[in-house]
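Accompanying notes for the structure given below.
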Amino acid sequence: MIERFERFSLAIFEISRCWHRLAAKELAPYGLKGPHAIYLTTLYRYEDGITGPELCDLCGRDKSDLSRALAILRQKGFITKEEVNQSLYRGLIKLTGPGRTLAARLVCRASLAVELAGGGLSEETRDSFYQALGFITTRLREISKEGLPES
């Protein structure tokens with residue numbers, strides 16, 4: 001059982017570390033860091049914009065991380081925040097033209113990385129993997145909210 005936990009944990013941590021390293025290399029020319037990639041690629045899917053709380057939920061990040069990242073992305077001209085009912089509170093966060101161009105590039109580069117990493121897998125294996133990963137993610141989310149049982 002411990003071996004399975006260690007294999008799972010180490011694989012997830014290594015995937016995360018490699019992803020952040022690749023994202024950092026892709027974003028360095030823009031003066032951004034790897035964690036900005038998740039916000040840009042998520043915003044890319046929402047052309048009409050989304051609110052900060054929605055972006056937090058979709059990216060699995062907390063409000064303070066989002067706030068810092070958005071400030072940098074706004075300062076560099078990659079996003080805007082539009083008023084809703086004459087207020088920026090719950091305003092819509094949208095990519096600017098340059099932000100959309102950068103996000104499109106990141107989506108393509110991320111797809112390439114995933115394709116190269118899983119290049120030797122059959123479609124059936126890939127589908128099984130993503131189904132299992134989704135199941136494990138959902139269960140771990142539930143367990144982390146409820147807490148581990150005593151026995």
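Position 1 is the first residue of the sequence; numbering continues from there. Computation of the quantities below employed the complete heavy-atom set of this structure, encompassing side-chain atoms and omitting hydrogens, waters and symmetry-equivalent molecules.
Contacts of Lys63 classified as side-chain contact (heavy atoms from CB on, under 4.5 Å), with partners at least two apart in sequence or in another chain: Cys56.
Nearest approach of Thr42 to Cys59, heavy atoms of both residues: OG1-SG, 3.4 Å. The minimum heavy-atom distance linking Ala113 with Leu22 is given by the pair CB-CD1, 4.2 Å. Smallest separation of non-hydrogen atoms from Pro35 and Arg61: CB-NH1, 4.2 Å.
For Arg45, the CZ atom counts as densely surrounded, since its 6.0 Å shell holds more than 12 non-hydrogen atoms of other residues, nucleotides or ligands.
Between the side chain of Thr125 and the backbone N or O of Leu121 there is no donor-acceptor pair closer than 3.5 Å. A distance-only check finds a donor-acceptor pair linking the side chain of Arg126 to the backbone of Gly118 [under 3.5 Å]. Formation of a donor-acceptor pair under 3.5 Å by the His20 side chain with backbone atoms of Arg17 is not found in this model. A donor-acceptor contact shorter than 3.5 Å links the side chain of Glu54 to the backbone of Thr51.
Cluster annotation: Leu92 and Leu58 are assigned to distinct hydrophobic clusters (Ile/Leu/Val/Met/Phe/Trp/Tyr, side-chain heavy-atom contacts under 4.5 Å, transitive). Using a 4.5 Å cut-off between side-chain heavy atoms of Ile, Leu, Val, Met, Phe, Trp and Tyr, with links allowed through other members, Ile72 and Ile93 fall into the same hydrophobic cluster. When the side chains of ILVMFWY residues are joined at heavy-atom separations under 4.5 Å, either directly or via intervening members, Tyr30 and Trp19 end up in two distinct hydrophobic clusters. Note: the hydrophobic cluster containing Val107 also contains Tyr39 (ILVMFWY, side chain heavy atoms under 4.5 Å, direct or indirect links).
Leu32 contributes atom CG, which lies 5.5 Å from atom CZ of Phe78 (distance to the nearest 0.5 angstrom). With rounding to the nearest 0.5 angstrom, the CZ atom of Arg4 is 12.0 Å from the OG atom of Ser9. With values rounded to the nearest 0.5 angstrom, Leu70 atom CG is found 7.5 Å from Leu43 atom CG.
In summary, Glu47 and Lys94 do not engage in a salt bridge, as defined by a charged side-chain N under 4.0 Å from a carboxylate O. By the 4.0 Å N-to-carboxylate-O rule, Glu142 lies too far from Lys145 to be salt-bridged with it.
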Donor-acceptor contacts, no H, no angles, side chain residues 127-138, under 3.5 Å, sequence neighbours left out:
unit_1: Ser128; atom_1: OG; unit_2: Glu124; atom_2: O; d: 3.1
unit_1: Thr137; atom_1: OG1; unit_2: Leu133; atom_2: O; d: 2.8
unit_1: Thr138; atom_1: OG1; unit_2: Gly134; atom_2: O; d: 3.0

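Counting heavy atoms from C-beta on, the side chains of Leu112 and Arg109 come closer than 4.5 Å. Proximity of Thr80 to Leu95: side-chain heavy atoms (C-beta onward) are nowhere separated by under 4.5 Å. Residues Pro98 and Lys76 have side chains not in contact (no heavy-atom distance under 4.5 Å, counting atoms from C-beta outward).
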Could you please spell out the steps behind the side-chain contact (heavy atoms from CB on, under 4.5 Å) verdict for Glu26 and Leu106? CA-CA 8 Å; Glu26 292 295 321; Leu106 287 173; 4.0 Å; yes
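Side-chain atoms of Ser64 and Ser67 form no donor-acceptor pair, as typed in the model, at a separation below 3.5 Å.
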